Amino acid sequence: MNTVLFLILFPIVVALLLLILPQPAVRKVIVVLSTIILTVASVYLVVQYFNTGTVFFNLDNQYIDLGIFAIEIILAVIVIGISLKYKQYLAGLLMLTSAAIMIWFEGSYGEEIQTSYNLFVDNLSLIMTLIIGIISSLIAVFAIGYMKDYHHHHKEVKDRTPFFFFVVFVFLGAMYGVVFANNLMWLYFFWEITTFSSFFLIGYSREEIAVKNAFRALNMNLLGGLGFSIAIVYLFINAHTIELNMLPELASTVVLLPTALLAFAGMTKSAQMPFSSWLLGAMVAPTPVSALLHSSTMIKAGVYLIIRLSPVFAFVDGGSMVGLFVAMVGAVTFVLTAFMAISQSDAKRVLAYSTISNLGLIIVCAGIGTYQLMWAAIMLVIFHAIAKSLLFLSVGTVEHNIGDRIIESMDGLITKMPKIAIGMVIGIAGMFLAPFGMLISKWAALEGLVTANPVLTVFVAFGSAATLFFWTKWLGKLLMVKERPLEFQSKVPGTERFTLTTLAILTVGVCLLFPLISKYSLEPFIASIYNQTYLLDQGNVIILLIMVGLMVVLPVGLSFTYKNVQYKPQYLAGLNTPEKEKFYGSLGLTREITMRSFYLENIFGESKLFKLGVVISIVLIIIMFGVGII
Amino acid sequence: MSGNYAWLMVILYIILAPFIGGLIAGVDRRISARMQSRYGPPILQPFYDIFKLMNKSSIAVNPQQRLYIICFIVFVIISGAIFFGGGDLLLAIFALTLASIFLIIAAYSTFSPYAYIGAEREMLQIMAYEPMVILTTVGMYMVTKSFNVWDIAMYDQPLLYSLPGIFLGFLFILTIKFRKSPFDISMSHHAHQEIVRGIITEFSGTDLALIEIAHWYENVFLLGIVCLFFASSPIIALILAIIVYFLEIWIDNNYSRLKWQSVLGSAWIVALVLGVGNIAYLALR
């Protein structure tokens with residue numbers, strides 16, 4: 001239990017230290033040391049508990065509850081103050097409503113609320129611990145070099161780097177809180193802190209657009225938080241519990257509405273339709289923030305909660321209907337955001353849409369909630385976290401070197417910045433290609449859905465086709481072999497190089513080691529809930545590993561054998577100039593070859609699909625609540 | 001099925017598939033010629049072409065393109081081997097997709113406008129047929145309760161009876177996969193090419209020969225999937241495959257090439273109507 005408390009509290013202490021010691025050199029030392037400590041502590045926790053099954057901790061102390069309550073009130077006052085200052089009354093109103101509900105709840109039932117277990121550890125929270133601990137630490141290290149560059153590039157933004165790191169570490173502490181909390185009041189507390197942290201990070205630059213997008217994120221997440229608080233009150237009044245582990249154990253229809261409300265909170269947090277726009281708006285923040293939000297914090301908290309609710313959907317009478325509509329929201333989001341990603345040329349927007357899309361698939365799995373789909377959902381979380389952080393940080397690095405983050409500008413990155421390009425190729429391959437991770441999970445998801453609900457496979461079929469299109473398009477651009485421009489100089493700080501290399505190795509490593517992760521962590525966990533577990537077919541695992549091996553070995557082996565080749569310039573209908581990649585155009589003018597990808601705006605444009613998605617998902621969410629009430 | 005038998009099938013596939021695929025291509029060219037009132041080349045012409053290509057000197061735009069081509073053919077062979085070795089049908093299809101992506105990357109890597117447009121069109125084609133391919137495996141699973149190719153093949157009733165919609169949908173996208181008109185927008189054999197030869201513009205000699213051989217492997221694999229629809233009686237399955245291929249040749253010779261919008265639109269509509277319709281029927285039954 002001490003390690004658990006340490007993981008929650010240590011980042012907060014570090015955050016305060018970073019705030020009072022603003023010198024860059026000191027900050028660098030503190031960040032590097034504390035991330036090492038966090039990583040070690042996370043791994044230590046895993047070693048401690050990975051064989052013990054679920055362990056609950058009591059930690060019953062009224063002062064803690066009182067402290068949490070006090071902090072909640074203070075934060076609410078601060079947020080309401082800020083929203084008044086920026087005349088964003090909706091955020092203030094939502095905050096006020098949630099706070100009023102909680103104060104009333106504490107006031108009327110505070111005496112009665114009894115919890116047997118406030119914290120717990122099981123294999124799912126251990127997996128989340130590793131994701132938060134390792135990936136967020138790497139991102140924090142990356143941010144040291146990046147933020148220096150960022151302020152170098154953005155002179156107009158006031159340098160508030162100490163505040164930036166303060167929020168990042170508070171965020172981490174809150175994330176640990178989210179994954180260890182069993183007491184829903186505590187979970188709600190940490191949940192709201194992640195909302196506020198992301199609000200401050202998105203609005204970091206304090207430019208008009210940043211403030212606007214920060215408030216959009218705040219509004220949507222506070223709406224989810226409101227749902228969360230209503231869920232707690234309803235659950236306590238009707239079932240006399242506020243403990244997460246009791247939801248499936250009660251196995252009564254009383255938990256259906258709270259579950260639907262919690263799933264709703266999860267959807268807002270993981271930016272499902274109709275709430276997807278906040279995550280896209282979050283792009284205005286510095287790149288490490290995007291990487292954090294997309295891979296190891298925020299949105300992962302949303303799907304984490306919904307995965308926790310899976311057994312309710314699977315075991316509680318009537319839960320499967322609620323779960324079906326949760327899954328439908330995920331399915332619609334999965335397909336439509338994958339489509340919209342096709343029409344995007346801004347690399348970060350493509351990544352954002354693909355994140356939302358992948359989380360949609362996770363929610364499809366969690367909503368149906370059979371043991372096989374839970375396996376797929378957790379695997380998707382793991383692979384997505386690693387590959388996506390690698391991709392985001394690479395895009396950030398490339399942006400600082402080539403001046404923008406438009407995919408069209410990444411033509412021939414393999415010749416300009418070969419190491420970064422290879423990292424990105426690994427990340428992209430990890431996101432969608434067989435034999436890499438995401439595909440294994442998608443495969444399991446498809447197999448699970450065929451047995452559970454074949455009609456949902458249709459969404460997967462169309463969604464994956466679109467996924468293939470936008471990733472391949474990008475992959476091809478990166479791997480074009482072009483002449484390296486003479487004047488091009490790339491500069492990547494050491495901290496960034498370290499993070500990118502480690503993440504690339506982790507991506508490949510997890511692809512190779514996933515059978516072990518499955519065997520020692522996932523399978524026992526799922527067996528403890530469902531009494532049966534998803535076993536990977538040995539033969540298929542071997543074939544997959546052979547394929548991964550080939551992908552690694554082939555390039556090395558072949559680089560020695562390709563000889564006696566004449567190199568000629570590309571076919572340009574007989575009009576090549578002596579200079580490569582140029583041709584004689586009309587009137588004898590010399591022109592450079594330029595090529596633009598298909599974006600299929602007319603079919604997959606945001607303007608049409610987004611509205612469609614909003615309408616469908618709102619209808620589905622309303623039905624979800626309806627089913628929960630009945 | 002015993003493991004040894006599986007290995008025998010895999011080895012037979014690896015050795016025989018290029019010969020069968022080449023013969024099919026030869027017959028294809030002869031029949032096409034007859035449909036156009038020509039005499040046509042000898043049946044073995046595709047093999048002569050390959051030998052000729054192999055003896056050409058190697059010309060390339062960059063040192064990486066052959067690597068991608070070799071990955072392409074290796075993964076085409078792996079996908080067929082998974083299929084004929086009785087493995088997981090989904091896995092075989094994912095491996096085939098991976099192979100196609102290597103071909104696209106090869107074209108991209110050349111930084112050639114013609115290859116580039118071909119590659120983009122190839123991606124559109126993949127996006128067009130992929131849903132139907134996945135729905136085909138889903139349909140087969142729903143009937144036989146297995147993704148294992150042998151379990152599907154051993155199912156005691158012809159799948160065609162319960163999967164008529166899926167079968168027709170699969171036939172439709174087969175036209176794309178066989179690179180037949182009207183769906184050969186990324187690469188075409190005929191004289192009326194719009195974009196040199198699209199995705200393979202920059203490949204010559206051995207590289208081109210490898211692409212051709214990979215295509216033969218792929219065709220045999222695809223006809224293998226067609227046979228699955230009637231696997232309970234192998235002879236009828238074989239006749240079915242022959243009829244299907246003849247039909248594709250007939251379509252190829254009777255329709256002109258479509259725009260990409262029509263390729264994507266028609267393939268998705270077919271997948272939605274025939275594929276999803278069939279699956280919905282099976283789910284409700």
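Protein chains get the first letters and strands the later ones, always in sequence-line order, with residue 1 at the start of each. Everything numeric here is computed off the predicted structure, so don't read it as measured data.
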Exercise. In terms of heavy-atom proximity below 4.5 Å to chain A, should B/Phe147 be classed as side chain, backbone, both, or neither?
Worked result: side chain

Exercise. What option among A/Val455, A/Asn453, A/Ile593 has the most heavy-atom pairs under 4.5 Å with chain B?
Worked result: A/Ile593

Exercise. Under 4.5 Å between any side-chain heavy atoms of A/Thr472 and B/Ile126, yes or no?
Worked result: no

Exercise. Distance from B/Ile101 atom CD1 to A/Phe432 atom CZ, nearest 0.5 Å?
Worked result: 4.0 Å

Exercise. Between A/Ile342 and chain B, which part of the residue has a heavy atom less than 4.5 Å away: side chain, backbone, both or neither?
Worked result: side chain

For this session: Output the distance between atom CG (B/Asn62) and atom OH (A/Tyr567), rounded to the nearest 0.5 Å.
Result: 7.5 Å

Exercise. Which heavy-atom pair separates B/Glu130 from A/Ala465 by the least distance, and what is that distance?
Worked result: CB-CB, 3.8 Å

Exercise. With only heavy atoms counted, which part of B/Ser57 is less than 4.5 Å from chain A, the side chain, the backbone, both or neither?
Worked result: side chain

For this session: Compare all side-chain heavy atoms of A/Val481 with those of B/Phe111 and state whether any distance is below 4.5 angstrom.
Result: no

Exercise. Could you walk me through whether A/Met480 and B/Tyr116 pass the side chain to side chain contact (heavy atoms under 4.5 Å, CB included) check?
Worked result: CA-CA 10 Å; A/Met480 279 176 175; B/Tyr116 182 84; 3.3 Å; yes

For this session: Heavy-atom distances under 4.5 Å only: say whether A/Leu478 touches chain B with side chain, backbone, both or neither.
Result: neither

Exercise. Does a side-chain heavy-atom distance below 4.5 Å link B/Tyr108 with A/Leu479?
Worked result: no

Exercise. Which answer fits B/Val74, side chain, backbone, both or neither, if we ask what part of it has an atom under 4.5 Å from a heavy atom of chain A?
Worked result: side chain

Exercise. Got more than 12 heavy atoms from elsewhere within 6.0 Å of NZ, A/Lys482?
Worked result: yes

Problem set entry | Euclidean distance, B/Tyr141 OH relative to A/Glu447 CD, rounded to 0.5 Å | 7.0 Å

For this session: Give a yes or no on this: more than 12 heavy atoms of other residues, nucleotides or ligands lie within 6.0 Å of atom CZ of A/Phe598.
Result: yes

Exercise. Do you know which of B/Leu124, B/Leu272, B/Leu135 has the most heavy-atom pairs with chain A at a distance under 4.5 angstrom?
Worked result: B/Leu124

For this session: Measure the NZ-CD1 distance between A/Lys473 and B/Ile104 for me, rounded to the nearest 0.5 Å.
Result: 12.5 Å

Exercise. Which bit of B/Tyr129 is near chain A, if near means a heavy-atom gap under 4.5 Å: side chain, backbone, both or neither?
Worked result: neither

Problem set entry | Interchain contact, B/Ile82 with chain A, by part (heavy-atom threshold 4.5 Å) | side chain

Exercise. Is there side-chain contact between B/Gln261 and A/Asn602, with at least one heavy-atom pair below 4.5 Å?
Worked result: no

Exercise. Is chain A contacted by the side chain of B/Trp268, its backbone, both, or neither, given a heavy-atom distance below 4.5 Å?
Worked result: both

Seminar exercise, completed: Highest number of heavy-atom pairs under 4.5 Å with chain A among B/Leu90, B/Ile279, B/Thr97 belongs to B/Leu90

For this session: Name the region of B/Glu202, side chain, backbone, both or neither, that has any atom closer than 4.5 Å to a heavy atom of chain A.
Result: side chain

Exercise. Going by heavy atoms in the side chains, are A/Gln570 and B/Tyr114 under 4.5 Å from each other?
Worked result: no

Problem set entry | Pairwise distance CE(B/Met123) to CZ(A/Phe470) - rounded to 0.5 angstrom | 11.0 Å

For this session: Select, from B/Ser109, B/Ala283, B/Ala271, B/Pro113, the one with the greatest count of heavy-atom pairs under 4.5 Å involving chain A.
Result: B/Ser109

For this session: Run the numbers on B/Ile134 and A/Phe462 for side chain to side chain contact (heavy atoms under 4.5 Å, CB included), then give the verdict.
Result: CA-CA 9 Å; B/Ile134 293 180; A/Phe462 281 90; over 6 Å; no

Problem set entry | Region of B/Thr137 that comes under 4.5 Å of a non-hydrogen atom in chain A | neither

Exercise. What do the steps show when you test A/Leu468 against B/Met127 for side chain to side chain contact (heavy atoms under 4.5 Å, CB included), and what is the final call?
Worked result: CA-CA 7 Å; A/Leu468 219 69; B/Met127 184 161 72; over 6 Å; no

For this session: Could you go through the side chain to side chain contact (heavy atoms under 4.5 Å, CB included) check for B/Val138 and A/Leu449 one step at a time?
Result: CA-CA 10 Å; B/Val138 167; A/Leu449 284 176; over 6 Å; no

Seminar exercise, completed: Closest heavy-atom pair, A/Leu446 versus B/Phe94, reported as atoms and distance to 0.1 Å, is CD2-CZ, 4.5 Å

Exercise. Under 6.0 Å from the NZ atom of B/Lys145, do we count more than 12 heavy atoms belonging to anything else shown?
Worked result: yes

Problem set entry | Close side-chain approach of A/Leu600 and B/Trp260, heavy atoms under 4.5 Å | yes

